[in-house]
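To start, the structure itself, in structure tokens.
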Number of protein chains: 2
Amino acid sequence: MDVLRKVVKQPQQEEAFHSPSLSEVEALSILSQPFFTLRKKSILVNQGDPFHGLYIVHCGMLKQSHQHKDGTKLLTHFYLPRDVIGLDAIGDRTYTGTVTTIETSSLCLIPFSQIEDLPTTDAIHMQLLRCLSNAAHYGHTRLRKILSQPSEARVASFLLTMSHKYRELGYSSNFLRLPMSKQEIANYLCMAPETVSRIISQLQQRGLLSVNGHEYCIVNQEGMARISEHTKYA
Amino acid sequence: MDVLRKVVKQPQQEEAFHSPSLSEVEALSILSQPFFTLRKKSILVNQGDPFHGLYIVHCGMLKQSHQHKDGTKLLTHFYLPRDVIGLDAIGDRTYTGTVTTIETSSLCLIPFSQIEDLPTTDAIHMQLLRCLSNAAHYGHTRLRKILSQPSEARVASFLLTMSHKYRELGYSSNFLRLPMSKQEIANYLCMAPETVSRIISQLQQRGLLSVNGHEYCIVNQEGMARISEHTKYA
DNA sequence: CGATTAGTTGATCGAGGTCAACAGAGGTGG
DNA sequence: CCACCTCTGTTGACCTCGATCAACTAATCG
């Protein structure tokens with residue numbers, strides 16, 4: 001699900017979500033500029049823009065979507081606080097997707113020229129390397145897991161992932177404000193919006209979840225976890 | 001499909017497969033050790049082994065598979081010549097999956113300690129960064145594309161990808177020797193082996209493809225490309 | 001040369017995508 | 001402030017795609 005993400009997590013267990021510890025990206029913050037704020041539905045970078053730096057999310061939430069030449073759009077990332085935006089742009093020096101705020105957000109820029117130019121920044125480079133390596137690996141396993149999940153498990157996994165991220169950030173892990181629309185969730189999980197809707201109402205009926213607008217309450221973490229483990233291919 | 005791969009490709013077009021040019025990894029070859037050869041079905045690294053370096057494939061083909069705690073295995077990569085093995089291991093200094101040869105292969109090791117220790121190797125670091133960034137990005141788009149493809153398009157895409165890789169390597173792009181089994185292809189594409197079999201025989205009947213054992217001949221590149229564009233979610 | 005694995009094909013069934021109809025929720029202008 | 005409109009979300013009916021089970025054949029390997 002979440003490929004290019006912060007590096008906080010280490011990969012001891014399959015589905016491990018780890019305590020914040022000290023974010024590896026923290027080293028970069030030396031180079032960071034002051035925070036700035038963007039209103040809801042603002043565009044941070046456009047697909048194809050020349051790469052000028054990484055962004056770290058301070059608060060709020062953003063989405064990244066990729067437009068294909070056939071016109072179809074695919075939503076590839078949700079960025080939460082402490083996430084790094086733009087790691088996928090380093091390679092070809094071009095932002096690979098359009099990043100938009102889905103609620104008022106505060107970010108800071110890390111100009112990449114500084115990283116490129118700095119002479120003896122092996123430590124930072126190694127951290128970036130590790131960050132990217134983790135991102136690549138996690139993103140991959142995540143998506144492959146989704147591929148082998150039935151849609152119910154996909155939704156459950158998504159909610160649990162969000163829950164764990166919120167906990168990492170110090171919020172409650174049971175009460176979530178998810179500012180994205182159900183359609184965006186559907187697109188992100190590669191399913192029809194109707195299916196998402198059906199699954200969510202079904203989870204509510206089974207007493208595992210409770211939803212009110214954009215407020216989600218995971219009533220039964222244990223049960224949700226069990227559902228998220230379900231896999232295709234007996 | 002192929003996440004942690006060689007860096008030859010640049011991302012000008014969505015589905016771009018590029019001429020070899022000078023592989024970005026080439027810079028690393030200064031650090032490389034002599035080639036060594038592994039027989040068919042040999043294990044290169046085991047899942048969980050401590051990371052000791054990257055490998056570059058010289059000839060042959062390898063597969064990488066991940067064992068989950070529930071016992072299920074997922075085949076995540078096929079490595080072809082010039083591909084880099086181990087990029088996903090940098091982050092946590094542990095190989096994330098078991099890499100096995102599926103035919104006799106020749107590789108060389110790039111001990112990572114050298115990269116880590118070298119004092120002023122900014123150029124190499126930047127190349128690695130770009131390599132990883134590309135890998136992360138491509139892997140991600142690839143898998144998301146698969147997610148939104150019907151199974152027929154998945155198989156077509158897979159064959160075309162292989163075809164393009166072979167062309168990059170200077171081989172014919174129409175006649176392919178794919179040493180992996182159909183079951184492995186099925187696992188790689190997250191579908192049932194029967195479905196792969198059915199789709200392949202159907203492609204043959206339609207005169208797009210011709211298969212004999214592990215020899216695949218793409219009769220109609222154009223037609224295959226059209227099929228590979230098919231997408232779920234009208 | 002038997003034995004085990006890989007591959008093919010048919011029949012069946014269920015998950016989930018599609019179409020359609022409708023209910024709210026914002027958002028905008030008069 | 002209300003009427004209006006559009007966009008999001010929900011629910012039902014339907015049907016297709018692809019997984020599963022089963023039976024059989026072809027390879028591969030000791």
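Hydrogens, waters and symmetry mates are skipped; everything else that's a heavy atom, side chains included, is used. Just so it is clear, the model here is predicted, and its values are computed rather than measured. Just so it is clear: chains get the letters A, B, ... in the order the sequence lines come, proteins before strands, and each one is counted from 1.
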Any carboxylate oxygen within less than 4.0 angstrom of a Lys/Arg side-chain nitrogen, looking at A/Glu103 and A/Lys41?
no
Whole Å only: how far is the NZ atom of A/Lys41 from the P atom of C/dG26?
11 Å
Can you find a side chain N or O atom of B/Lys182 that sits less than 4.0 Å from OP1 or OP2 on C/dT8?
yes
Is the distance between the ring centroids of A/His140 and B/His140 under 6.0 Å?
no
When the nearest nucleotide of DNA chain D is assigned to B/Lys40 and to B/Ala192 on a heavy-atom basis, which residue is associated with the more 5' position?
B/Ala192
Can you tell me the distance, in whole Å, between the CD atom of A/Gln149 and the P atom of C/dG16?
11 Å
Rounded to the nearest 0.5 Å, what separates atom OH in B/Tyr138 from atom CG in A/Asp92?
6.0 Å
Which of residues 194-205 of chain B sit near DNA chain D, with a heavy atom under 4.0 Å from it?
B/Glu194, B/Thr195, B/Arg198
Using whole Å, what does the distance between atom P of nucleotide C/dG7 and atom CG of B/Asn212 come to?
13 Å
Less than 3.5 Å apart, any donor N or O on the side chain of B/Thr161 or B/Arg142 sitting next to an acceptor on the other?
yes
Flag for A/Gln221-A/Ser163: side-chain donor and acceptor within less than 3.5 Å
yes
Expressed in angstrom and rounded to an integer, what is the separation of B/His214 atom NE2 from C/dA6 atom C1'?
9 Å
What do you reckon, are the aromatic ring centroids of B/His52 and B/Tyr95 less than 6.0 Å apart?
yes
Using whole Å, report how far CG of B/Leu178 lies from P of C/dG7.
12 Å
More than 12 heavy atoms of other groups within 6.0 Å of A/Phe36 CZ
yes
Applying a 4.0 Å non-hydrogen cut-off, can you work out what A/Pro193 is touching in the nucleic acid: base, sugar-phosphate, or nothing?
nothing
Round to the nearest Å and state the distance from B/Leu75 atom CG to C/dA6 atom P.
13 Å
Expressed in angstrom and rounded to an integer, what is the separation of B/Lys232 atom NZ from D/dC17 atom P?
12 Å
May I have the distance from B/His230 (atom NE2) to D/dG18 (atom C1'), rounded to whole angstrom?
17 Å
